[in-house]
Amino acid sequence: MHVDCDAFYAAVELLDRPELADVPFAVGGGVLTTCNYVARTFGCRSGMAGFVAKKLCPALVLLRPDFAKYNAKAQEVRAVLAAYDARFESASIDEAYLNVTEYCAARGVTPAEAVARMRREVAERTRVTVSAGIAANAKLAKICSNINKPDGQFELANDRTVILDFMRALPCRKVNGVGRVLERELAAVGVETCGDVYGQRQYLARLFGDKAFAFLAACHLGLGRTRVQPAEEYERKSVGTESTFGALAGPAAFRAKLRWTADELEKDLRRAECKGRTLVLKVKLHTFEVYTRQVVMPCAVWRADDLYHHALPVLAKLEQEMPGMVLRLMGLRCTHLVSTKKPDTRAFFGFRPRRGDSAEREGGGSGEGGLGASDDERGPGSEWERWPETEPDGYELPDELAEREEDSGGGEDASPYRRHGKEITANPKAAGTKEDGAAEEEEWWDCPICGRPQTADEKPFNEHIDLCLSRQTIREAVQKDALEQPPVVPRAGTPERKTAARAEKKRGRPPRPPDAVDPRQKKLRFG
DNA sequence: GCGGATCAG
DNA sequence: ATGGCTGATCCGC
């Protein structure tokens, strides 16, 4: 099931300020209309630029957003959701996916009954209305939650024929991951609904790539992921900050802005409890052209001084490339993150992020990128996420796609990181349930090499130290390497250190047949 | 890997 | 004349 709060920011504001009920108002940039006035009059969707809305509706009252308030309310809503699926997945501040299979089985109720009850409970406890979609997978549920909005629900039967009929008439754009661009490109080849995909299938892979084709095929068939997991179990991949300003020119001004940006990024990295080994500089010219340039740093950093120090040459080079450039935006982003958090022996080397399977995830995220067509772990009753053994609909899949048995796809729908607030908080306990078992005081031993707390257990602790020592050695070697011979073009067959590191990295991973090559293991990461 | 581009909220 | 910010993925090279 997918739940979506109705005009969330506006709804929360309305609780505080009932006098707004009669006036058209919006929060922040987007037009969010509990008042419905702007929406009805101008037929706009919830995401309209504030200044555009103001032009259309001069009486519009724009409120300054108060994210602390919205987050607090979101937690209230989530506390209710937790009673229906403790492992629900927050997709953003006002959206979530729930698997209510167990809830329904345990109580002998239908999904529609459970969801109706959940929506009633949310409304009673939080005074916020939510809409919900009930369907066989996340992709369908997301679409369905928009059908009877606001304050409604829609169930799409878990039936092949019903689903195929539903998809046949569904405009591609309704599917999460199909944006403006792809919509237009598809329309250009006669594909406007998901049903149209079938007729044009012979062209699609060539035109849009295998990933997009697999994604579109999944759209036609109504396939999507069925796994739902708490947002905090997803691995964060980057932390960045950027800001827009009036026209900015000149090296001195650039440096000042860069310094400020680095300061901001340090704060964000601190909050995210991580540091990064790759630094990406982004600029937008006054002409709105966007450029990014990245640099790999010798080690992961988080301090503003270090960020600035490494970004400055990148900026200088950009200035050289484009003399006299005038900026309207500057941003810095760290990727190849290394956690600076407390936990956990296994996660330490980035081998296996806590949940134990993220290393297995691969592409297929949210964007159009979210074109991942195949799916997560197969759960019970999840045959719709599986490619049929034979292709009854006549798709001829490239082998690699058809055979993909593992893999996650990671979801074509909203990324769990998008939350308008950065931190990803753990799911709250169910509302109305007692605080069972206060989290026992955990004990940690600090590793003498990396300084990170480890579980206070002798055997894993010693194993960690072994690992840490070898890792430290490799890191130092690589760094020395990088410093001593920067311009040397790597010759084939030389770098035994890399080989060693790669072998090292495999440790702690689940065993894999010796000849099976996992392309995802290519990356080297040092923390 | 890098850089550009698309997408979502 | 549809903006700004954060984060993710995919493609071509």
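Please read these numbers as outputs of a predicted model, since none were measured by experiment.
If you check the side chains of A:Asp4 and A:Ser131, you find no donor sitting under 3.5 Å from an acceptor.
When the side-chain nitrogen and oxygen atoms of A:Arg293 are compared with OP1 and OP2 of B:dG4, one or more of them lie within a distance under 4.0 Å. Here A:Lys237 reaches the OP1 or OP2 of C:dT9: one of its side-chain N or O atoms lies under 4.0 Å away. Between A:Gln294 and the phosphate of B:dG1, there is no side-chain N or O to OP1/OP2 separation shorter than 4.0 Å. Within the structure, a side-chain polar atom (N or O) of A:Thr292 is placed less than 4.0 Å from OP1 or OP2 of B:dG4. A sub-4.0 Å separation between OP1 or OP2 of B:dG1 and a side-chain N or O of A:Thr278 is absent. Residue A:Lys284 places no side-chain N or O under 4.0 Å from the OP1 or OP2 atom of C:dG3.
Within 4.0 Å (heavy atoms only), A:Val296 reaches sugar-phosphate atoms of the nucleic acid but no base atom. A:Arg328 comes within contact range of the sugar-phosphate backbone alone, with a heavy-atom separation under 4.0 Å but no base atom that close. Residue contacts for A:Arg333: at a heavy-atom cut-off of 4.0 Å it reaches a base atom on one of the strands shown.
The aromatic ring centroids of A:Phe67 and A:Tyr9 lie less than 6.0 Å from each other.
For A:Thr241, counting side-chain heavy atoms from C-beta on, the closest listed nucleotide (C:dT6, B:dG4, B:dT6) is C:dT6.
Partners of A:Glu321 under the side-chain hydrogen bond (donor to acceptor under 3.5 Å, both in side chains) rule, at least two apart in sequence or in another chain, are A:Arg293. A search for side chain to side chain contact (heavy atoms under 4.5 Å, CB included) contacts involving A:Arg333 returns A:Ser238, A:Val280, A:Thr335, not counting sequence neighbours.
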